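It should be emphasised that the depicted structure is a prediction, and the values quoted were computed from it without experimental measurement. Here is how names work: the chains are called A, B, and so on, in the same order as the sequence lines, proteins then strands, and each is numbered from 1.
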Amino acid sequence: MRENSDRKTLVILTGPTAVGKTETSISIARQLGAEIISADARQFYRELTIGTAAPTPEELNLVKHHLVGHLSIHDYYNASHFEQQAIEIADRLWKKSDYVVVTGGSGLYIDALCFGIDPMPDVPGQIRAEVKILYQLKGLEGLRDELKNCDPGYFAIVDQSNPNRMMRGIEMFRATGKPFSMWRSNSTTERPFNIKTIVLNRPRAELALRIGQRTSAMVQQGLIEEALAYYPHRHLNALNTVGFKELFDWLANRYDLATALEKIATNTRRYAKRQITWFKKYEDAKWFLPAETNQILQFIRS
RNA sequence: GGUACCAUAGCUCAGUAGGUAGAGCAACGGACUGAAAAUCCGUGUGUCCCUGGUUCGAUUCCGGGUGGUACCA
């Protein structure tokens with residue numbers, strides 16, 4: 001990544017769930033005189049606060065946050081929308097400060113912001129629904145058949161066990177008449193700003209402990225009531241989320257409450273693991289413990 | 001205290017007619033350009049409780065010990 005001291009800096013503070021990103025990012029942002037843009041694909045939804053461990057009103061008061069609770073669970077949103085919004089906000093904030101802090105654990109969204117995501121039209125909901133029905137009716141085999149036919153290039157590289165990936169290819173072809181593989185440039189967008197990427201992490205056992213504690217804390221704060229309130233909307237993508245889906249299964253009598261809470265902790269641990277796997281590919285990133293704020297600031301200013 | 005049963009992976013357990021062992025879950029590793037807290041792929045990590053004995057060879061059979069469970073006192 002080319003450095004240029006005249007340019008503004010985007011500070012990415014990421015890391016696995018429950019590592020302590022919120023607290024550290026507030027501390028760092030205050031010391032930099034910066035505001036925070038969230039890159040958390042579930043904290044976008046204003047209806048969800050407890051189950052997504054969104055920053056509290058007190059925390060939101062300490063530093064101005066952007067893209068927290070800016071969507072409804074009924075809204076459609078994606079990484080490209082995020083890229084555009086986040087860049088627009090950052091450009092505005094850089095008029096007041098040299099730094100903008102981005103905090104969150106959604107790797108795809110961070111990638112979109114740092115490296116760009118190829119511009120493509122949104123696929124109409126109708127087409128998305130039709131492709132989903134194709135999968136429900138004909139399974140993976142049905143998806144493979146159609147994708148092989150409409151986009152052999154993508155079919156050759158796609159994970160043919162992953163319905164989401166194949167549905168995406170089919171959707172794009174049906175929506176645009178042009179193969180998904182033609183829309184993908186596989187190139188990185190040069191950004192006119194510096195990017196400092198910080199991954200916060202802890203020893204795995206410690207992270208697991210914090211996840212267990214946070215799960216209990218969420219229940220005390222009213223996680224069950226929150227899940228109950230949105231149970232009628234359980235089919236929405238925004239609610240296909242750890243902490244909600246397990247409680248929905250409990251409410252549907254698939255297992256008891258204790259099992260649901262155990263599954264929440266387990267699935268949160270697994271999510272954290274997937275996040276860590278994602279962040280390992282960030283070659284320019286520096287890894288820190290959340291408490292190492294001085295070292296983090298030093299790295300940002302270096 | 002007596003009798004019976006049990007002791008194998010982090011957990012629940014299977015198994016080896018004696019040739020050092022395998023399932024589920026957990027865990028670990030990975031992929032991922034518009035659902036991403038989503039979706040998908042891969043990997044057994046083990047003093048087979050301890051200790052004597054029989055045997056070429058014991059996790060497996062026998063004795064003793066320890067721990068657990070149940071029943072009887």
Side-chain angles (χ1 to χ4, degrees), chain A residues 14-19 21 38-45 48 50-54 71 73-85 104-125 127-129 131-132 135 140 143 154 157-172 175-176 180-189 204-205 207-208 211-212 214-215 218 223 235-248 255 259 262-281:
Chain A
T14 190
T17 189
V19 78
K21 291 187 292 297
S38 168
D40 185 304
R42 287 296 180 267
Q43 292 178 8
F44 295 155
Y45 300 105
L48 313 180
I50 298 166
T52 56
L71 298 176
I73 54 174
H74 302 283
D75 293 334
Y76 173 71
Y77 198 69
N78 63 41
S80 180
H81 298 165
F82 172 78
E83 176 195 23
Q84 289 162 34
Q85 281 194 294
S106 300
L108 177 65
Y109 286 67
I110 290 169
D111 277 20
L113 178 54
C114 293
F115 313 121
I117 190 166
D118 292 321
M120 300 180 202
D122 283 351
V123 174
I127 291 180
R128 292 163 53 86
V131 174
K132 187 156 193 179
Y135 174 50
L140 282 174
L143 296 178
Y154 187 55
I157 58 163
V158 75
D159 176 357
Q160 291 173 21
S161 304
N162 192 324
N164 286 7
R165 295 279 129 69
M166 289 196 291
M167 284 194 283
R168 172 70 180 150
I170 293 168
E171 267 167 31
M172 279 305 287
T176 68
F180 181 48
S181 53
M182 306 289 270
W183 288 99
R184 286 159 44 108
S185 69
N186 262 322
S187 64
T188 299
T189 308
R204 196 66 71 86
L207 195 60
I211 286 169
R214 193 180 70 177
T215 303
M218 281 178 174
L223 178 63
H235 60 281
L236 294 174
N237 174 58
L239 289 159
N240 183 191
T241 296
V242 174
F244 292 95
K245 56 185 179 184
E246 297 84 357
L247 288 174
F248 293 156
Y255 38 67
T259 303
E262 256 169 60
K263 282 179 186 290
I264 290 173
T266 298
N267 289 334
T268 305
R269 268 182 258 130
R270 294 217 266 229
Y271 169 48
K273 196 160 108 57
R274 273 179 271 133
Q275 289 176 298
I276 291 167
T277 299
W278 186 289
F279 302 138
K280 281 178 186 166
K281 75 183 175 190

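A sub-4.0 Å separation between OP1 or OP2 of B:rU33 and a side-chain N or O of A:Ser80 is absent. Checking the phosphate oxygens (OP1, OP2) of B:rA38, a side-chain nitrogen or oxygen of A:Arg274 falls inside 4.0 Å. Considering only side-chain N and O atoms, A:Arg204 lies nowhere under 4.0 angstrom from the phosphate OP1 or OP2 of B:rA27. Between B:rA36 and A:Asn237, a contact under 4.0 Å exists linking OP1 or OP2 to a side-chain N or O. In terms of phosphate contacts, A:Lys273 brings a side-chain nitrogen or oxygen within less than 4.0 Å of OP1 or OP2 of B:rG29. Within the 4.0 Å cut-off from OP1 or OP2 of B:rG30, at least one side-chain nitrogen or oxygen of A:Thr277 is found. A close approach under 4.0 Å does occur between a side-chain nitrogen or oxygen of A:Lys245 and OP1 or OP2 of B:rA38. Between A:Tyr77 and the phosphate of B:rA35, there is no side-chain N or O to OP1/OP2 separation shorter than 4.0 Å. For A:Arg42 and B:rA36, the shortest distance from a side-chain N or O to OP1 or OP2 is below 4.0 Å.
Base contact: A:Arg168 has a heavy atom under 4.0 Å from a base atom.
Side-chain contact check for A:Arg168 versus A:Val123: some heavy-atom pair is nearer than 4.5 Å. For the pair A:Thr14/A:Trp278, no side-chain contact is recorded, criterion being any heavy-atom separation below 4.5 Å from C-beta on.
The partner of B:rU39 is B:rA31, by the rule that a Watson-Crick or G-U pair needs both atom distances under 3.5 Å. Remark: B:rU3 base-pairs with B:rA70. Criterion, Watson-Crick or G-U wobble with two distances under 3.5 Å. Partner assigned to B:rG44 is none, using Watson-Crick or G-U wobble distances below 3.5 angstrom.
Look at B:rG34: its glycosidic torsion is within 90° of 0, and that puts it in the syn range.
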